[in-house]
Protein chains: 2
Amino acid sequence: MPKVGMEPIRRQQLINATLESVAEVGLHATTINSISKRAGLSSGIISHYFGGKQGLIEATVRFLLNNLKTSLISKTQQPCSAEERLMFIVEANFSVIQQQTSSTKTWLSFWAQSMHDEQLHRLQTVNAKRLYSNLAFSFKTLMPENDAKRAAKLAAGMIDGLWLRAVLSKATEQEFKQAEQLAKHYVSSLISSCGA
Amino acid sequence: MPKVGMEPIRRQQLINATLESVAEVGLHATTINSISKRAGLSSGIISHYFGGKQGLIEATVRFLLNNLKTSLISKTQQPCSAEERLMFIVEANFSVIQQQTSSTKTWLSFWAQSMHDEQLHRLQTVNAKRLYSNLAFSFKTLMPENDAKRAAKLAAGMIDGLWLRAVLSKATEQEFKQAEQLAKHYVSSLISSCGA
DNA sequence: TTATTTTAATTGAACGGTCAATTAATAAAA
DNA sequence: TTTTATTAATTGACCGTTCAATTAAAATAA
């Protein structure tokens with residue numbers, strides 16, 4: 001079985017298995033065994049590639065954050081108006097779910113854990129600030145700076161809040177779509193209320 | 001030490017100790033030992049009064065939910081306008097923090113756990129729906145029903161979102177106050193945008 | 001090519017520690 | 001004495017980590 005160049009493959013397998021396990025049984029009940037069994041690998045391999053359970057958890061969060069980041073970057077690659085950009089931001093933050101229900105529960109678990117884990121909290125802070133500054137950047141092209149900062153705070157709160165309530169209520173895909181629409185419409189209203 | 005009628009006292013002691021433990025070390029690291037030690041009692045007493053750790057966790061969540069509920073009821077006891085009532089709802093949902101920082105982290109932990117615990121999810125659902133219907137009830141006196149429902153969804157999202165972002169960023173009391181102000185102002189704008 | 005050595009990849013049993021729960025004993029109050 | 005409240009000790013299951021042993025691909029030598 002030992003083939004050369006297995007590392008990136010195994011790392012991804014284990015990260016995927018972690019997402020599955022956390023989604024199915026929760027971060028609390030996720031063990032080295034529940035992960036390695038899902039990946040079809042032995043338990044020892046986790047320490048070998050990630051230094052331990054904690055390292056794998058953190059790598060999994062980084063994977064989720066990176067997905068969100070690149071999802072937004074790819075959408076805003078081509079030139080677009082500030083309003084379009086704002087809509088892309090909303091879409092990116094909601095799309096985390098549609099593609100994979102497993103990510104959703106995982107995200108929530110990690111948020112909670114970040115209150116007691118410095119590493120995770122650092123990652124969470126970067127993510128929260130990115131949403132805010134992405135929004136603020138686009139709003140600034142449409143209104144005075146102070147208004148833009150305020151709009152970004154409100155929009156970020158609305159996006160996270162509607163997302164959270166949808167997740168916690170175990171909403172259907174249709175209800176998620178509705179939440180996304182509400183968020184988009186709210187961002188639009190923020191533009192028109194302060195726009196030239 | 002054995003005195004008669006200890007039950008309600010012990011139960012509250014253990015619930016308080018659970019809140020402290022979850023706030024300090026997280027739900028993950030909260031054990032019957034970390035709880036009982038904080039309460040100055042033995043670990044066996046938890047099974048005696050709550051049937052086990054899980055029973056104590058659920059009782060603690062019910063305690064938090066009940067606090068939020070009665071906090072709102074007491075504020076809206078005296079007659080007040082719909083607008084005042086809406087502000088009270090916002091205040092009640094933010095006041096969870098100010099009085100006790102410990103409750104904040106706890107709440108977040110329980111939300112995450114509720115995705116994998118049916119009992120907790122039931123409690124969470126009741127709470128989420130109460131916020132929505134309280135808001136909808138007041139909005140309905142100020143605007144047509146469909147507008148009111150929509151406003152309630154948006155306001156609930158904004159309240160939870162701003163609260164969540166403040167908690168996750170470990171905001172100072174001052175920043176919490178600012179988040180509360182933003183939420184209140186948003187509710188006001190919802191009123192004036194659809195009001196007569 | 002074939003035989004041999006080296007190396008990367010992986011396993012899974014063993015270990016020390018901790019968990020929730022239970023039990024039997026104890027102490028005060030009724 | 002009986003009942004209630006509580007503890008301290010114990011149990012068995014399970015946790016994450018470690019590590020000696022194993023496997024098979026890759027590299028080298030013949």
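Given the structure is predicted, the values throughout are model-derived calculations rather than measurements. Any value given below was found using the heavy atoms of this structure, including those in side chains, with hydrogens, waters and symmetry copies removed. Order of the sequence lines fixes the chain letters, A, B, ..., with proteins taken first and strands second; residue numbering starts at 1 for each chain.
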Under 4.0 Å, counting only non-hydrogen atoms across every strand here, what does B:Thr30 touch: a base, just sugar-phosphate, or nothing?
sugar-phosphate
Those residues that, when tested against B:Ser188, pass side chain to side chain contact (heavy atoms under 4.5 Å, CB included) (two or more places apart):
B:Glu83, B:Met87
So with a 6.0 Å cut-off around CD of A:Gln78, is the heavy-atom count from everything else above 12?
yes
Picking from D:dT17, C:dT22, D:dT7, the nucleotide nearest the side-chain atoms of A:Ser43 would be D:dT17
Among C:dT11, D:dG16, D:dT18, which nucleotide sits nearest the side chain of A:Leu41?
C:dT11
Looking only at side-chain atoms of A:Met6, point me to the closest of C:dA9, D:dT6, C:dA20.
C:dA9
B:Ile32 has an atom CD1; how far is it from atom C1' of D:dT11, in whole Å?
12 Å
Can you check the A:Ile46 CD1 to C:dT11 P distance for me, whole Å?
11 Å
Consider the side chain of B:Thr31, meaning its heavy atoms from C-beta on, and name the nucleotide among C:dA20, D:dC15, C:dT22 that approaches it most closely.
C:dA20
What's the NE2-C1' distance between B:His28 and D:dC14, to the nearest Å?
13 Å
Please find out if less than 6.0 Å separates the ring center of B:Trp163 from that of B:Trp111.
yes
Between B:Tyr132 and B:Phe139, does the ring centroid distance fall short of 6.0 Å?
no
Give the rounded distance in Å between these two atoms: CG of A:Leu27 and P of D:dC15.
14 Å
Between A:Glu7 (CD) and C:dT10 (C1'), how many Å, whole number?
13 Å
Without decimals, in angstroms, what is the distance between B:Ile57 CD1 and C:dA20 C1'?
12 Å
I want to check one thing: is the phosphate of D:dA5, taken as OP1 and OP2, less than 4.0 Å away from some side-chain N or O of B:Tyr49?
no
Quick one: on DNA chain D, does B:Gly40 or A:Gly44 contact a more 5' nucleotide (nearest heavy atom)?
B:Gly40
Mind calculating the distance between CZ (B:Arg10) and C1' (D:dT6) to the nearest angstrom?
8 Å
Does atom NE2 (A:His116) have a neighbourhood of more than 12 heavy atoms from anything else shown, all under 6.0 Å?
yes
Starting from P on D:dT3, measure out to NE2 on B:His48 and report it in whole angstrom.
15 Å
